[in-house]
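FYI, side chains are in, hydrogens and waters are out, and symmetry mates aren't considered; it's all heavy atoms of this structure. Just so it is clear: chains get the letters A, B, ... in the order the sequence lines come, proteins before strands, and each one is counted from 1.
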2 protein chains.
Amino acid sequence: MSITIKDLASQLGLSPSTVSRALNNNKNINQATIRKVQKLAKELNYKKNNWASALRTKKTKMIGVIVPSLKNPFFAHTISGIQEVANEKGYRVMICQSNESVELETHQLNTLVASGAEGILISISGETESYEAISELEESGIPVVFFDRAFKSVKANQVEADDYGAGFKATQHLLSLGCRNIAHLAGPENLRNCLNRKEGYLQALKQFKVPVREELIIEVSLESDEFEDEVIKKLLEISPKVDGVFAVSDPIAVQSILHLKKQGVKVPEQIKVVGFGNDSVGEVVEPNLTTVTQNPYDMGIEAVKLLMDIVDNAGFSKSVKQIFVDAELIVRDSTIN
Amino acid sequence: MSITIKDLASQLGLSPSTVSRALNNNKNINQATIRKVQKLAKELNYKKNNWASALRTKKTKMIGVIVPSLKNPFFAHTISGIQEVANEKGYRVMICQSNESVELETHQLNTLVASGAEGILISISGETESYEAISELEESGIPVVFFDRAFKSVKANQVEADDYGAGFKATQHLLSLGCRNIAHLAGPENLRNCLNRKEGYLQALKQFKVPVREELIIEVSLESDEFEDEVIKKLLEISPKVDGVFAVSDPIAVQSILHLKKQGVKVPEQIKVVGFGNDSVGEVVEPNLTTVTQNPYDMGIEAVKLLMDIVDNAGFSKSVKQIFVDAELIVRDSTIN
DNA sequence: TTGAAAGCGCTAACAA
DNA sequence: TTGTTAGCGCTTTCAA
């Protein structure tokens with residue numbers, strides 16, 4: 001079929017090992033030979049067989065990434081960061097989606113292992129509650145780094161947005177504008193970062209000595225398609241009247257704004273809204289959405305760097321690193337007029 | 001390191017070949033043996049080494065996808081469709097981004113080949129002008145299917161939106177609403193689908209006997225970040241006054257609306273705007289954007305099906321298939337009040 | 001129904 | 001600096 005090292009070797013009257021060395025720019029080899037070999041390789045359009053090489057060296061030069069969904073721009077950006085750095089270091093990246101399903105997630109994990117991923121970056125699905133499948137991986141020597149979403153109870157290598165700080169900043173912003181009845185549209189309880197955003201919200205209230213009211217915290221699905229009129233109705237029935245909303249994500253915040261406007265509520269005059277994540281929709285909705293940004297691209301870069309460090313120093317460092325990527329408040333029209 | 005067929009064999013007192021057969025559910029083998037082997041495999045958490053297997057069988061069960069950018073939701077959706085079908089058929093998918101650069105694109109192509117992709121799905125970068133690198137692939141026996149973006153001059157297997165029909169529908173919609181001075185914000189000339197959208201625009205004008213005016217066709221970058229005030233200024237200086245805009249993409253259309261509003265122009269009263277692609281931003285901008293949708297998910301599915309057909313009947317069918325996925329007009333507030 | 005042996009393409013000791 | 005040899009883990013003849 002396609003051309004192999006053996007073919008090159010026989011055409012040049014060299015041994016396969018010499019050709020291999022020449023192709024890999026080995027130092028103990030004649031420069032002239034290198035040129036000769038590489039010239040013919042190019043001519044014949046030789047392409048190295050990565051698996052044969054991987055089989056021999058046990059280095060696949062491949063890492064895996066599992067995200068809940070590529071359709072989420074946040075992950076699209078993270079992956080761009082990951083690929084950027086990985087490719088620079090000569091690593092390929094295999095991207096999988098879990099579609100927020102544990103079953104699929106486990107399947108993808110297995111596939112990645114069977115394909116010889118040297119390390120795995122994962123942002124767990126909303127459903128995932130057990131760390132078992134993943135800890136098994138680590139025991140078998142494949143390092144794992146969590147990014148964006150991790151387990152709340154497990155100490156593991158991870159890179160996260162500083163969700164706590166971000167939730168705090170968002171809420172503080174509303175408080176400093178005079179809001180005292182701030183609702184929080186919260187994400188699922190099992191996702192640590194959603195939880196942390198909520199913690200930030202609670203902490204900010206505490207610091208401003210505003211009592212927490214449970215009815216102001218409404219759990220919503222992260223799928224903004226599933227956003228329901230119900231949520232806004234519930235919100236508007238609360239008394240004393242809600243004057244600020246901190247939403248767990250920008251799409252949710254945008255949906256809220258759209259629904260609020262439909263109900264005749266003026267944003268920001270009557271209710272101020274802050275989102276989370278600096279999604280592009282926030283720049284389009286009117287009023288433009290105030291939000292906190294998580295710098296997904298940077299997060300991807302931090303995550304893959306951490307993973308590569310571990311992969312390169314295989315086995316070393318029993319310690320665990322947790323990196324927080326700073327969040328930043330972006331003030332737009334949905335809170336200030 | 002990790003557990004191999006040999007390990008299983010020695011623990012069971014069987015030969016590696018028997019174990020291999022048992023794991024692959026070969027028919028010429030005792031059912032009891034199969035059970036025994038698979039039980040132990042599960043116990044010891046055996047994971048097949050895909051490369052070793054690929055090296056032997058020449059079947060990698062892997063296909064590659066190259067897209068300009070994952071950040072473009074269109075491609076994110078297409079890829080979801082691709083992965084869905086591919087995974088169902090037991091294929092893995094390797095996703096690469098070209099970042100709209102030919103150089104990177106070629107590099108990714110090489111990597112995919114070296115990694116043993118059995119077929120490649122590609123949506124070419126805005127820069128790519130030569131078909132050479134890709135035809136080389138096909139000669140070496142790796143089938144290629146283009147999707148969404150292909151070369152205008154080359155007959156190849158491809159799945160595209162019916163850009164022509166979509167451009168026609170969009171323009172026809174504006175014409176039927178009474179617009180007679182319709183500007184077209186066009187994409188780069190080397191992308192066939194951009195060209196086809198323009199052709200649809202031209203054809204619709206012709207059918208309505210509206211003369212084409214070159215100054216109404218303004219070429220813009222596809223990167224909506226790079227959208228310039230200039231474009232709108234130029235647009236507003238044209239006389240007789242522009243009363244409709246057909247933009248090559250939704251982000252461009254949205255940018256236009258935002259800039260028009262900034263200039264005090266009322267949409268749709270003074271200028272009606274139609275986009276292309278049914279991007280989520282279109283549902284958020286005010287007025288909501290009228291657009292034509294390309295069904296990216298379906299396109300991904302069609303493309304991967306076509307590829308898998310070719311891969312499965314390797315070498316067969318010297319003929320070339322071109323599939324057009326129907327586009328559909330979605331009327332919203334940016335054209336009707 | 002099972003086993004022995006060979007080989008996919010590559011690389012790394014070791015020897016020359 | 002180059003060649004010889006062996007083997008990564010798997011599958012597949014061929015023989016038993």
Side-chain angles (χ1 to χ4, degrees), chain A residues 1-38 40-41 44-62 90 110-111 113-118 140-141, chain B residues 1-38 40-41 44-62 90 110-111 113-118 140-141:
Chain A
M1 276 293 265
S2 68
I3 185 126
T4 74
I5 279 194
K6 245 189 190 159
D7 299 328
L8 296 181
S10 69
Q11 287 210 31
L12 291 164
L14 289 169
S15 79
S17 32
T18 306
V19 173
S20 168
R21 284 188 274 251
L23 291 170
N24 292 314
N25 285 310
N26 189 301
K27 57 207 70 164
N28 301 320
I29 196 171
N30 194 314
Q31 283 301 319
T33 320
I34 293 190
R35 272 195 300 277
K36 213 166 54 179
V37 171
Q38 298 199 343
L40 185 69
L44 299 185
N45 197 18
Y46 164 81
K47 297 255 163 60
K48 138 141 90 166
N49 181 327
N50 276 336
W51 340 298
S53 161
L55 187 56
R56 186 64 236 254
T57 59
K58 309 254 183 192
K59 293 254 165 253
T60 57
K61 287 276 174 190
M62 196 268 285
N110 284 333
T111 309
V113 175
S115 306
E118 291 189 40
S140 73
Chain B
M1 277 293 267
S2 67
I3 185 123
T4 73
I5 280 194
K6 243 189 193 160
D7 299 329
L8 295 181
S10 69
Q11 287 210 32
L12 290 164
L14 288 169
S15 78
S17 27
T18 307
V19 173
S20 168
R21 284 187 274 250
L23 291 171
N24 292 316
N25 284 309
N26 189 301
K27 55 206 70 160
N28 301 320
I29 196 170
N30 195 313
Q31 283 300 319
T33 319
I34 292 189
R35 272 196 300 277
K36 213 167 54 179
V37 170
Q38 297 197 344
L40 185 69
L44 298 186
N45 197 18
Y46 164 81
K47 298 254 162 62
K48 137 143 88 169
N49 180 327
N50 276 337
W51 282 288
S53 162
L55 186 56
R56 189 62 234 256
T57 60
K58 309 250 181 201
K59 293 254 165 258
T60 57
K61 288 279 176 186
M62 197 267 286
N110 285 333
T111 309
V113 175
S115 307
E118 291 188 41
S140 74

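B:Thr57 contributes a side-chain N or O that, together with a main-chain N or O of B:Ser53, makes up a donor-acceptor pair within less than 3.5 Å.
If you take OG1 on B:Thr4 and CG on B:Leu44, they are separated by 10.5 Å, rounding to the nearest 0.5 Å.
Here A:Gly13 lies in heavy-atom contact (under 4.0 Å) with sugar-phosphate atoms only.
The nearest pair of heavy atoms linking B:Ala52 to A:Leu55 is CB-CD1, 3.8 Å.
Residue A:Val19 forms a side chain to side chain contact (heavy atoms under 4.5 Å, CB included) with just one option from A:Leu40, A:Asn24, A:Ile5, A:Asp7, and that option is A:Ile5.
Taking 4.0 angstrom as the limit, A:Thr4 places none of its side-chain polar atoms (N or O) nearer than this to OP1 or OP2 of C:dG9. At C:dC8, none of the side-chain N or O atoms of B:Thr57 fall inside 4.0 Å of OP1 or OP2 (strictly under the cut-off). Taking only side-chain nitrogens and oxygens, B:Ser15 comes nearer than 4.0 Å to OP1 or OP2 of C:dG3. The side chain of A:Lys48 places an N or O atom within less than 4.0 Å of a non-bridging phosphate oxygen (OP1 or OP2) of C:dT11. Side-chain nitrogen and oxygen atoms of B:Tyr46 include at least one within less than 4.0 Å of the OP1 or OP2 phosphate oxygen of D:dC10. An OP1 or OP2 oxygen of C:dT11 is reached within less than 4.0 angstrom by a side-chain nitrogen or oxygen of A:Ser53.
Using a 3.5 Å distance cut-off with no hydrogens or angles, the side chains of A:Ser15 and A:Thr18 do pair a donor with an acceptor. Donor-acceptor pairing under 3.5 Å is recorded for the side chains of B:Lys47 and B:Asn45.
Judged by distance alone, with hydrogens and angles left aside, B:Arg21 brings a side-chain donor or acceptor within reach of the base of C:dG3, the pair sitting under 3.5 Å. Below the 3.5 angstrom threshold, one finds a donor paired with an acceptor across the side chain of A:Ser17 and the base of D:dT4.
For B:Thr33, the listed nucleotide lying nearest its side chain is C:dT2; candidates were C:dT11, C:dT2, D:dG9. Residue A:Ile29 has its side chain nearest to D:dT2 when only D:dG9, D:dT2, C:dT1 are considered. Across C:dT2, D:dG9, C:dC10, the shortest atom-to-atom separation from the side chain of A:Ile5 is found for C:dC10. Here the nucleotide nearest the side chain of B:Asn28, chosen from C:dT1, C:dC10, C:dG3, is C:dT1.
Between the NZ atom of B:Lys27 and the C1' atom of C:dT2 there is a distance of 17 Å, given to the nearest Å. What separates NZ of A:Lys6 from P of D:dT4 is a distance of 13 Å, to the nearest Å. As a whole-Å value, the separation of B:Asn49 CG from D:dG7 C1' is 14 Å. Remark: P of D:dA16 and CG of B:Leu14 are 20 Å apart, rounded to the nearest angstrom. One atom, CG of A:Leu55, and another, P of D:dA6, lie 18 Å apart when rounded to the nearest Å. If you take CG of B:Asn25 and C1' of C:dT1, they are 15 Å apart, rounded to a whole angstrom. A:Asn50 places its CG atom 19 Å from the P atom of C:dC8, with the value rounded to the nearest Å. In this structure, NZ of B:Lys47 is placed 16 Å from P of D:dG9, rounded to the nearest angstrom.
Nucleotides of DNA chain C nearest to B:Gln31 and B:Ala52 differ in position, and the one nearer the 5' end is that of B:Gln31.
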